[in-house]
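When reading the values below, keep in mind they use all heavy atoms of this one structure, side chains included, and skip hydrogens, waters and symmetry mates. These numbers come from a predicted model, not from an experiment. Within every chain, numbering begins at 1; the chains are lettered A, B, ... in the order of the sequence lines, protein sequences first and strands thereafter.
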Amino acid sequence: MLDRAILRKEPDRVRAAAKNKGEPCLIDEWLELDEIRRELLGETETLRRRRNELSKEVSFLKKEGKEADTQILESKETGRRIGAIETELNTVDTDMSQLELRFPNIPDTDVPIGSDETFNRIIESTGEIPSFSFVPRYHWDILGELLDREASGSIAGSNFILLRGWAARLQRVLINWMMDFHSSCGMEEVWMPFVANRESMTATGQIPKLEDDMYHIEKDDLFLVPTGEVPLTNIYRNSKLPEEDLPVKIFGYSPCFRREAGSYGKDTRGLNRVHQFEKVEMVRMVKPENSQAALKEMTGHVGRMLEELNLPYRISLLATGDLSFAAAKCYDFEVWSAGQEKWLEVSSISNFGEFQARRGNIKFKRSGGGKPEFVHTLNGSGLALPRIMAALIENGQTESGKVVLPEVLATRTGTEILG
RNA sequence: GGAGAGGUGGCCGAGUUUGGCUUAAGGCGUACGCCUGCUAAGCGUAUGAGAUUCACGUCUCCGAGGGUUCGAAUCCCUCCCUCUCCGCCA
């Protein structure tokens with residue numbers, strides 16, 4: 001959610017942001033409602049003030065044992081008028097809030113402007129692209145029956161995955177390794193619910209825009225989390241943190257459920273794009289002046305993870321059109337997967353500024369005093385499992401269809417070669 | 001799922017029986033000042049959030065939403081959450 005002061009004073013910025021993000025923008029409707037709202041608000045306040053005065057008079061007169069019929073009559077009439085105006089005011093206010101939920105966050109000034117991912121700017125590329133003396137295979141070919149589509153299909157449906165044997169084991173080892181990695185870097189480990197309610201989804205920005213992309217449990221009006229960002233950020237919804245609690249640095253594992261309507265077709269083979277994937281997510285809440293530095297720190301952190309996994313990667317700064325609804329700035333990490341000969345997105349690290357904090361009412365208070373301010377929130381994947389699996393398998397493959405593990409995983413698995 | 005008890009400012013906690021000098025007491029904490037060899041104590045002052053306004057101010061907020069009333073923290077209804085006990089269950 002954007003500051004109402006910005007909507008009011010700088011509608012052009014809001015308009016430009018929406019346009020650059022490819023979102024509709026109903027700012028003119030909002031401004032019109034805002035005028036009406038302020039007018040109505042003024043009227044109710046005058047009337048309320050009068051009613052408060054009358055109430056005091058009645059109270060006083062009754063105590064004196066005097067008549068107060070005139071005052072009671074006026075108060076009654078005033079109450080009726082307040083009621084009428086309030087009904088109108090509520091309608092206007094609800095409409096405004098609905099509109100506000102649909103204004104996307106304003107991208108930072110250094111974000112490249114462009115309609116889609118072709119405008120993303122690659123800012124770094126690290127690691128050596130592996131070469132083979134044979135034709136490298138796709139990970140789904142190497143996995144073979146360890147990626148049991150028949151089983152997952154009959155259990156849940158297409159594009160859900162079921163891993164067996166060493167593939168399942170590799171997934172578990174990877175999750176553990178990631179968790180330990182973050183833990184040793186001084187973040188707090190969190191285990192979270194994998195469903196979230198409507199308020200939580202609205203705070204982080206999935207609702208209203210992405211409601212249809214989520215799995216919904218109608219009976220309880222709960223959603224399966226599309227990312228751990230939702231529970232992790234909502235830990236602090238409606239709270240006011242003392243300054244010394246910042247920065248909040250937390251992480252946790254969660255499965256991520258995405259209906260991804262209309263995503264079937266190419267690029268959905270194997271582990272590339274599935275309805276449920278595993279992810280370890282990092283979330284931060286920082287003081288506004290520190291969010292840029294935090295974003296940088298988080299990208300460095302993820303870079304080190306990929307280096308330990310020995311995966312070649314590149315980082316792009318997303319263009320406005322590829323930036324998510326709630327983000328102000330975002331870096332994407334992609335790893336090279338040798339079989340598919342493609343860059344696969346494995347982590348997004350975003351700064352949301354105060355956008356989510358405003359929606360979720362997450363504030364902090366400076367120890368020197370002053371008004372509570374909104375924190376800045378950030379989050380980043382560290383990392384998303386399926387494509388990391390794909391890249392590890394494709395890059396580490398041998399001619400005989402085995403997989404050589406990077407050292408950090410070999411130590412944990414107890415073997416250097418899987419298969 | 002059943003029964004009971006609760007939800008009041010950053011925290012604790014009075015007020016709900018009997019609706020109206022509650023404009024939410026009091027305490028803790030915090031900030032500033034006084035005092036002090038230093039610290040603590042003590043004393044004094046200040047201290048919730050939101051909306052609106054250039055400002056003074058005004059209005060709203062006692063878990064959420066409705067209702068009754070001239071007037072609701074207080075009465076009525078619905079819902080949510082927490083705790084205790086019981087039931088069921090991995």
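For the pair Lys363(A) and Phe374(A), the cation-pi criterion (under 6.0 Å, within 45° of the ring axis) is fulfilled.
Put simply, Arg8(A) has a side-chain N or O that comes within less than 4.0 Å of OP1 or OP2 on rU52(B). A sub-4.0 Å separation between OP1 or OP2 of rG71(B) and a side-chain N or O of Asn52(A) is absent.
Summarising the base pairing, rA72(B) is matched to no nucleotide, lacking a Watson-Crick or G-U wobble pair whose two defining distances lie under 3.5 Å. Checking rC89(B) for Watson-Crick or G-U wobble geometry (two distances, each under 3.5 Å) identifies no partner in any strand.
Taking the centre of each ring, His376(A) and Phe355(A) stay at or above the 6.0 Å mark. With ring centers used as reference points, Tyr313(A) lies 6.0 Å or more from Trp343(A).
Within 4.0 Å of Pro242(A), counting heavy atoms only, lies no atom of the nucleic acid at all.
When distances are taken from the side chain of Val58(A) to each of rG20(B), rC59(B), rA49(B), the shortest belongs to rG20(B). Relative to the side chain of Lys365(A), the nucleotides rA49(B), rU58(B), rU52(B) differ in distance, and rA49(B) lies closest. The nucleotide whose nearest atom lies closest to any side-chain atom of Arg37(A) is, among rU58(B), rU52(B), rG48(B), rU52(B). Checked against rG50(B), rC59(B), rU53(B), the side chain of Lys363(A) finds its nearest nucleotide in rG50(B). Comparing rG20(B), rU53(B), rG50(B) against the side chain of Lys62(A) picks out rG20(B) as the nearest. When each of rA51(B), rG20(B), rG50(B) is scored by its nearest atom to the side-chain atoms of Lys371(A), the top-ranked nucleotide is rG50(B). Side-chain proximity of Ser55(A) to rC59(B), rU53(B), rG71(B): nearest is rG71(B).
Atom name C1', nucleotides rU47(B) and rC28(B): the rounded distance is 13 Å, in whole Å. With both ends at atom P, the span from rC79(B) to rG26(B) equals 38 Å, rounded to whole Å. For the C1' atoms, the distance from rG67(B) to rU74(B) is 15 Å, rounded to whole Å.
Spacing between atom CD of Glu243(A) and atom P of rU30(B) amounts to 16 Å, rounded to whole angstrom units. When rounded to the nearest whole Å, the span between CG of Leu89(A) and C1' of rU52(B) equals 12 Å. Between Ile362(A) atom CD1 and rA49(B) atom P there is a gap of 18 Å when expressed in whole angstrom units. Going from atom CG of Leu54(A) over to atom P of rU69(B) covers 18 Å, rounded to whole Å. In this structure, CD of Glu199(A) is placed 12 Å from C1' of rC79(B), rounded to the nearest angstrom.
Note on Asp34(A) versus Arg4(A): no salt bridge recorded, every NZ/NE/NH1/NH2 to OD/OE distance being 4.0 Å or above. A salt bridge is absent between Glu334(A) and Lys342(A): the closest approach of a Lys/Arg side-chain nitrogen to an acidic carboxylate oxygen does not fall below 4.0 angstrom.
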